[in-house]
Amino acid sequence: MKIVITDYEYDTLQQEQEVLTEAGLEYVALQCKTEEEVIEACRDADGIITQYAPFTEKVINNLEKCKVIARYGIGVDSIDVNAASEKGITVCNVTDYCLDEVSDHAMALLLSAARKVTLLNNHVKNNDWNFNLGKPIHRLRGQVLGLVGFGNIPQRLAEKAKAFGLQIITYDPYIDETAAGEKGARLVDFDSLLAEADFVSVHAPLTKATQHMMNEEAFQKMKPTAYLINTARGGLVDEAALEGAVKNKEIAGAAIDVMEQEPPVTDHSLLAYEEMIITPHVAWYSEASEAELKRKTAQNVADVLTGKKPAYSVNR
């Protein structure tokens with residue numbers, strides 16, 4: 001059987017090799033970026049592992065033998081799942097590999113924004129020792145954290161945020177008040193979350209329905225003292241609207257780990273604002289989470305190709 005790793009950004013493929021070799025499978029590793037490159041590499045593949053390469057309807061319709069596409073990560077917005085399902089291709093992800101890492105990072109971004117850590121650090125390094133440059137800084141205890149989406153990661157974040165005295169509200173159309181309450185959150189509608197929250201942390205999947213859900217209208221409903229936090233997907237935020245909101249003081253600022261284009265262009269306008277904290281899509285990462293992700297992704301492929309039920313399947 002032919003297995004293709006279309007693209008990856010890791011230093012080693014040791015975990016994948018161990019899993020696939022144990023299953024009696026071999027692979028070829030490439031760095032495909034375009035539809036044409038993916039089609040050429042994967043046309044006769046039995047199994048595919050992918051990170052960012054595009055698996056559009058066009059690509060999937062050109063797969064002649066494929067039984068499984070496994071993505072490194074939780075989100076599968078780079079894969080046309082409906083097209084894969086129509087061709088009988090199992091799509092797999094890994095839903096539980098970085099729950100602590102992402103929730104930790106979201107909490108770190110929240111604290112950096114609230115305590116002006118990044119801003120003041122930059123001033124000190126420019127020989128400007130003056131705590132007044134961080135004003136205003138508000139007491140964290142008693143403020144409201146609004147979680148857009150209430151899956152595994154935001155539930156972990158809620159636990160950590162409550163230790164700092166934050167009140168937790170959430171908007172998620174797929175849970176009820178009882179389920180939210182059991183996890184210590186109050187369920188509200190989206191507009192109420194925007195109006196009440198001092199920190200809006202986004203944890204929704206990227207779909208047609210959620211694309212640019214944080215737009216001009218949403219920012220206008222937020223408090224002028226509120227911060228946006230995004231550790232999910234860049235496409236959830238309309239970056240032009242975010243810049244307008246920061247520039248016009250409609251919100252206090254934002255702390256984000258993901259952008260619509262990664263990496264952003266060197267002169268991206270958001271990079272110029274000191275109210276912005278931006279990290280390079282690193283929330284998922286730790287040495288342990290990377291190894292776990294790689295092992296579980298390869299195991300998804302091995303399971304499907306050896307007739308087993310994979311642990312993680314998007315389109316059962």
Side-chain angles (χ1 to χ4, degrees), residues 9 52 73 75 77-78 101-126 128 133-138 143 145-149 153-154 157 190 193-195 197-208 210-285:
E9 57 182 2
Y52 299 121
D77 42 283
S78 60
E101 284 81 1
V102 178
S103 56
D104 286 350
H105 199 82
M107 194 68 215
L109 291 176
L110 186 157
L111 291 170
S112 293
R115 296 299 308 173
K116 308 291 178 67
V117 173
T118 302
L119 171 68
L120 292 170
N121 170 73
N122 291 341
H123 277 292
V124 169
K125 288 184 174 180
N126 285 318
D128 202 349
L133 296 170
K135 290 184 176 180
I137 295 176
H138 302 287
Q143 293 197 62
L145 170 60
L147 301 170
V148 181
I153 289 171
L157 175 57
F190 187 47
L193 183 143
L194 296 173
D198 298 290
F199 305 92
V200 175
S201 189
V202 184
H203 301 276
L206 180 59
T207 66
K208 291 181 180 179
T210 61
Q211 177 83 24
H212 284 184
M213 66 184 305
M214 296 304 302
N215 52 28
E216 183 178 358
E217 181 181 359
F219 291 124
Q220 290 174 349
K221 293 176 180 177
M222 290 173 61
K223 296 178 181 179
T225 54
Y227 288 89
L228 171 73
I229 299 165
N230 185 13
T231 53
R233 283 288 185 268
L236 297 169
V237 178
D238 182 335
E239 291 179 356
L242 173 59
E243 181 185 2
V246 172
K247 181 178 181 180
N248 298 323
K249 308 296 183 183
E250 293 173 357
I251 64 173
I256 62 176
D257 184 56
V258 288
M259 300 188 73
E260 292 195 82
Q261 177 183 325
E262 297 179 353
V265 295
T266 55
D267 60 347
H268 195 296
S269 54
L270 284 178
L271 303 177
Y273 290 88
E274 63 179 11
E275 296 90 347
M276 291 291 309
I277 300 172
I278 304 175
T279 55
H281 203 148
V282 68
W284 65 274
Y285 173 73

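- Here OH of Tyr285 is found 11.0 Å from CD of Glu9. Values are rounded to the nearest 0.5 Å.
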Could you walk me through whether Gln261 and His268 pass side-chain hydrogen bond (donor to acceptor under 3.5 Å, both in side chains), step by step? CA-CA 10 Å; Gln261 177 183 325; His268 195 296; over 6 Å; no
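- You'll find the side chain of Val246 reaches within 4.5 Å of the side chain of Ile251, heavy atoms only.
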side-chain hydrogen bond (donor to acceptor under 3.5 Å, both in side chains), that's the test. Do His212 and Glu260 meet it? Break it down for me. CA-CA 10 Å; His212 284 184; Glu260 292 195 82; 2.8 Å; yes
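- A distance of 9.0 Å separates OG1 of Thr279 from CD1 of Ile277, quoted to the nearest 0.5 Å.
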Could you walk me through whether His203 and Leu157 pass side chain to side chain contact (heavy atoms under 4.5 Å, CB included), step by step? CA-CA 10 Å; His203 301 276; Leu157 175 57; 3.5 Å; yes
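- Listed for the Gln220 side chain is no donor-acceptor partner under 3.5 Å among the backbone atoms of Glu217.
- To the nearest 0.5 Å, atoms CG (Leu109) and CG (Asp104) are separated by 11.0 Å.
- Using a 4.5 Å heavy-atom threshold, the side chains of Pro280 and Met259 count as separate.
- In this structure, the side chain of Lys223 does not engage the main chain of Phe199 through any donor-acceptor pair within 3.5 Å.
- Contact annotation: the side chain of Val282 approaches that of His105 to within less than 4.5 Å [non-hydrogen atoms, C-beta and beyond].
- Not one N or O on the side chain of Glu243 forms a donor-acceptor pair closer than 3.5 Å with the backbone of Ser269.
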Test Ile256 against Val237 for side chain to side chain contact (heavy atoms under 4.5 Å, CB included), laying out the working first. CA-CA 10 Å; Ile256 62 176; Val237 178; 5.8 Å; no
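- Considering only residues two or more places apart in sequence or on other chains, Phe190 meets the ring-ring contact (aromatic ring centres under 6.0 Å, His included) condition with Tyr171.
- Between Ala226 and Ala197, the shortest heavy-atom distance links the atoms CB-O, 3.6 Å.
- At a threshold of 4.5 Å between non-hydrogen side-chain atoms, the residues Val117 and Leu111 do not count as touching.
- Side-chain contact check for His123 versus Lys116: every heavy-atom pair is 4.5 Å or farther apart.
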Could you please spell out the steps behind the side-chain hydrogen bond (donor to acceptor under 3.5 Å, both in side chains) verdict for Thr225 and His138? CA-CA 10 Å; Thr225 54; His138 302 287; 5.9 Å; no
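- A donor-acceptor distance shorter than 3.5 angstrom exists from the side chain of Asn126 to the backbone of Asn122, with no hydrogens or angles considered.
- Residues Tyr273 and Ile278 are not in side-chain contact: their nearest non-hydrogen atoms beyond the backbone lie 4.5 Å or more apart.
- The shortest side-chain heavy-atom distance between Ser201 and Leu110 does not fall under the 4.5 Å cut-off.
- Using a distance-only test at 3.5 Å, with no hydrogens or angles considered, a donor-acceptor pair links the side chain of Thr210 to the main chain of Pro205.
- A 4.5 Å side-chain heavy-atom check between Met276 and Thr118 finds every atom pair outside the cut-off.
- The distance from atom CD of Glu274 to atom CG of Leu120, rounded to the nearest 0.5 Å, is 9.5 Å.
- Shown here for Val258 and Arg233, the closest heavy-atom pair between the two residues is CG2-C, 3.5 Å.
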Could you go step by step and tell me if Asp257 and Thr231 meet the side-chain hydrogen bond (donor to acceptor under 3.5 Å, both in side chains) rule? CA-CA 5 Å; Asp257 184 56; Thr231 53; over 6 Å; no
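- Between Phe219 atom CZ and Asn248 atom CG the span is 12.0 Å, to the nearest 0.5 Å.
- Heavy atoms only, all atoms of each residue included: Leu133 and Leu119 are closest at O-CD2, 3.6 Å.
- Between Trp284 and Glu101, the shortest heavy-atom distance links the atoms O-CB, 3.7 Å.
- Heavy atoms only, all atoms of each residue included: Leu236 and Ala232 are closest at CD1-CB, 3.6 Å.
- Between Ala114 and Ile137, the closest heavy-atom pair is O-CG2, 3.5 Å.
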Test Met214 against Leu194 for side chain to side chain contact (heavy atoms under 4.5 Å, CB included), laying out the working first. CA-CA 10 Å; Met214 296 304 302; Leu194 296 173; 3.9 Å; yes
